[in-house]
Amino acid sequence: MADVQTDQDTITITLPDGSERTYAAGTTGREIAESIGAGLARDALAIKVNGAVQDLSRPIDTDATIAILTWRDAEGKETFWHSSAHLMAEALQALYPGVKFTIGPPIDQGFYYDIDPSGHQISSDDFEQIEAKMQELAQRDVAYERRAVSKDEAIDYYEDAGNEYKLELIEALDDGDITFYEQGDFTDLCRGPHIPSTGRIKYPKLLSVAGAYWRGDEQNPQLTRIYGITFPKQKLLEDFLEKRRLAKERDHRKLGKELGLFTFNSEKVGPGLPLWLPKGATLRETLQNFLKDEQLRRGYEPVITPHIGRLELYRTSGHYPYYKESQFPPIRMGDEDADYLLKPMNCPHHTQIYDNDLHSYRDLPVRLAEFGQVYRYEKSGELGGLTRVRGFTVDDAHIFCRPDQVKAEVKDAIDLALKVLRALDFKEFRAQVSLRDPNDTEKYVGSDERWDQAEQAIREAADEMGLDAIEVEGEAAFYGPKLDFMVKDVLDREWQLGTVQIDYNLPERFDLTYIDEHDDRQRPVMIHRAPFGSLERFIGVLIEHTGGDFPTWLAPVQAKILPIGDDFNDYAREVANRLRAADIRVKVDDSDETVGYKIRQAETAKVPYMLVVGGREEEAGTVAVRQHGEGQQDVVPVETFIDRLQAEVDAALS
RNA sequence: GCUGACGUAGCUCAACUGGUAGAGCAGCUCACUUGUAAUGAGCAGGUUGGGGGUUCGAGUCCCUUCGUCAGCUCCA
């Protein structure tokens with residue numbers, strides 16, 4: 001279909017390397033690919049013409065800059081998976097007559113299709129059969145054919161099919177802008193583009209089935225969503241499955257259990273309420289101490305507030321009833337005419353600490369820090385491991401400052417967050433600046449002018465700190481813009497960890513003030529910041545990031561002393577005492593086991609250092625050092641080992 | 001909360017179409033006294049998540065409830 005009529009007989013095509021080639025007008029992408037090379041033609045999935053991805057079969061009528069897309073291009077993969085969604089739909093149509101198709105887009109890793117099963121029940125047990133059908137269909141290697149249809153034609157087609165979902169989609173489309181794609185017996189309303197033919201899709205794998213609401217709205221009917229992924233080569237599928245297997249190995253829920261860090265085992269305690277075991281608590285306190293020290297150096301002051309507060313506090317702050325649904329219900333005592341709320345946030349309490357004193361502009365900023373435990377009633381289906389819990393700890397601090405100090409404070413908060421990420425070797429994270437939605441300024445508190453200032457401050461601070469932050473409009477909280485650090489877990493799910501948020505709302509609501517140089521009362525700006533975010537979530541992601549091999553400074557047990565026999569238990573204990581005196585976390589394995597067994601135990605527990613001691617060591621006052629995962633190292637005096645370990649810890653935290 | 005899957009010893013997992021709940025590891029006891037990733041033997045360990053039902057008989061089938069997982073929705 002020639003959209004653009006031109007008088008040109010020939011067209012000039014510019015390739016990604018900048019070279020130009022001349023073709024007859026109407027040459028297709030496939031022909032261009034063939035003219036470049038047989039290999040490229042074989043791998044070609046789609047073509048990008050002046051920035052728009054389209055089918056290889058479509059003729060090109062004008063001069064254009066093009067790129068032939070293959071599996072190596074993100075857009076090539078996207079097209080491949082989109083076409084795979086159609087192939088899966090064809091298989092489903094063959095196996096489950098009457099199912100209605102809605103939407104089936106590609107995603108980061110594969111694709112899904114939302115269907116109305118129309119009475120069929122599809123479960124993961126059926127995956128093998130569906131995959132087999134997909135392979136069978138793919139082997140027929142039929143073309144994906146694009147067909148422009150009129151709106152009436154499209155409506156007729158789906159009225160015949162009785163597919164109200166597609167009709168709803170067509171409703172929103174303009175006549176003349178509607179296309180069907182067909183492959184084999186399957187026809188789908190689709191914008192495209194698609195790969196040339198089904199034969200490219202050789203290795204399908206269905207991943208999961210779940211409910212999803214039509215158009216993501218809880219009020220709408222629930223559809224069945226089937227997730228899948230496909231590959232052109234077996235090796236790629238195997239690599240993908242291997243990666244998933246490895247990810248499962250690193251799952252923090254599994255490692256948390258194996259390493260004895262935390263447990264959710266007791267149904268009596270309640271869902272989403274983690275119990276920290278001694279080793280996990282040690283790890284967590286070590287992390288907290290690291291941050292406390294860092295904060296002291298940066299002028300933060302510690303505060304401590306109770307776990308509950310009067311409901312009135314949260315009415316004033318505006319959190320209640322706005323977030324009523326995700327809070328534990330208020331507690332009412334019979335003899336007191338007031339309700340109490342289990343605190344969902346620390347900030348209201350902190351405002352009251354600020355308000356305990358009269359503040360001069362000279363005193364600002366005031367930085368109040370607390371590891372504050374908060375409680376939120378997350379929906380049951382939302383809970384998961386440590387990443388989503390109902391009771392968690394925020395490494396919260398609230399900075400009360402003058403408007404002219406905002407940028408410097410945001411910069412310091414970013415610096416602190418970066419320090420934390422660096423100390424824990426997080427190299428892959430994303431920084432996101434969330435701004436207000438320019439089309440819906442109604443839902444935000446505070447004047448436009450203030451928002452402009454705040455957004456500018458946060459943007460400049462991010463920029464000056466060298467952050468390559470992406471900006472997203474409409475993601476800001478109602479009270480101010482924010483900057484978040486996001487990190488992915490082993491399953492590639494992205495979690496928000498650290499955050500810096502500017503807030504003009506709470507100082508207003510609590511009528512917080514400071515006295516300026518003209519003896520006038522002024523409103524301070526509040527900055528919420530939490531470099532870890534939630535300790536629980538952070539540690540969950542950290543476990544997966546390290547695979548349980550924590551850096552020495554964080555390891556719950558840093559060294560385990562392994563006497564080779566009972567005769568050396570005393571010496572082992574003596575060494576342990578010397579290490580403890582140097583603040584090293586140490587355990588002695590004085591069980592009746594062989595050294596080989598003790599080593600195995602320590603290795604599987606991922607203890608960084610094993611110190612084997614026997615007669616030779618006792619006589620010389622030494623330890624035989626074995627490093628986790630590295631095997632036997634050397635035999636050194638106890639003091640040397642202490643010095644080394646301390647140097648390692650200092651280096652990691654500097 | 002919704003849809004689906006799952007729940008057997010502390011952990012990891014067995015138990016054909018309904019027919020006496022098993023194993024390895026961990027634990028305990030005893031022996032061994034060990035030199036760099038599992039010493040040997042023995043013992044103990046369960047109302048098969050809870051409740052109800054069908055059946056001569058239920059880990060297995062049905063209902064219900066709690067929990068876990070995946071996804072949806074939401075997230076101060």
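In what follows, every chain begins at residue 1, and chains take the letters A, B, ... in the order their sequences are listed. The figures here come from the full heavy-atom set of this structure, side chains too, leaving out hydrogens, waters and symmetry mates.
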J.: Would you tell me if any nitrogen or oxygen in the side chain of A/R253 comes within less than 4.0 Å of OP1 or OP2 on B/U68?
T.: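 It does not, given that no N or O in the side chain of A/R253 lies less than 4.0 Å from OP1 or OP2 of B/U68.
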J.: Is the distance from OP1 or OP2 of B/C72 to the nearest side-chain N or O of A/N220 less than 4.0 Å?
T.: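 Answer no for this pair, as no side-chain N or O of A/N220 is under 4.0 Å from OP1 or OP2.
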J.: Establish whether the base of B/A70 is bridged to the side chain of A/R225 by a donor-acceptor pair shorter than 3.5 Å.
T.: no
J.: Once you apply the 3.5 Å cut-off to both distances, tell me the Watson-Crick or G-U wobble partner of B/G22, or none.
T.: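 Base-paired to B/C13.
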J.: Does A/Y113 contact B/G71 through a side-chain donor or acceptor facing the base, at a distance under 3.5 Å?
T.: no
J.: Where does the angle between the aromatic ring planes of A/H528 and A/Y479 fall among parallel (under 30°), tilted (30 to 60°) and perpendicular (over 60°)?
T.: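 Judged by the thresholds at 30° and 60°, the geometry between A/H528 and A/Y479 is tilted.
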J.: Which of the following nucleotides, B/C2, B/G35, B/U33, is nearest to the side chain of A/D566?
T.: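 The answer is B/U33.
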J.: Do A/S434 and A/D484 come close enough that some side-chain heavy atom pair is under 4.5 Å?
T.: yes
J.: Looking only at atom types and distance, does a side-chain atom of A/E618 sit under 3.5 Å from a main-chain N or O of A/R616, one as donor and one as acceptor?
T.: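 No: the side chain of A/E618 does not pair with the backbone of A/R616.
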J.: Looking only at N and O atoms, is any donor in the side chain of A/R376 or the base of B/C75 less than 3.5 Å from an acceptor on the other one?
T.: no
J.: Is any N or O donor-acceptor pair between the side chain of A/S326 and the base of B/A76 shorter than 3.5 Å?
T.: yes
J.: Would you classify A/Y479 as touching base, sugar-phosphate or nothing, given that sugar-phosphate means primed atoms plus P, OP1 and OP2, and contacts are heavy atoms under 4.0 Å?
T.: sugar-phosphate
J.: It should be established whether A/K257 places a side-chain nitrogen or oxygen under 4.0 Å from OP1 or OP2 of nucleotide B/U12.
T.: yes
J.: Indicate whether OP1 or OP2 belonging to B/G71 is found under 4.0 Å from a side-chain N or O atom of A/S208.
T.: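 For B/G71, OP1/OP2 do not have a side-chain N/O of A/S208 under 4.0 Å.
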J.: May I ask you to evaluate whether A/Y213 reaches the phosphate of B/G1, defined as a side-chain N or O under 4.0 Å from OP1 or OP2?
T.: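 Looking at the OP1 and OP2 atoms of B/G1, neither is under 4.0 Å from any side-chain N or O of A/Y213.
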J.: Under 6.0 Å from the NZ atom of A/K100, do we count more than 12 heavy atoms belonging to anything else shown?
T.: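 Count over threshold, so yes.
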J.: What about A/Q632, does its side chain sit under 3.5 Å from the base of B/G35 through a donor-acceptor pair?
T.: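 In this structure, the two groups form no donor-acceptor pair.
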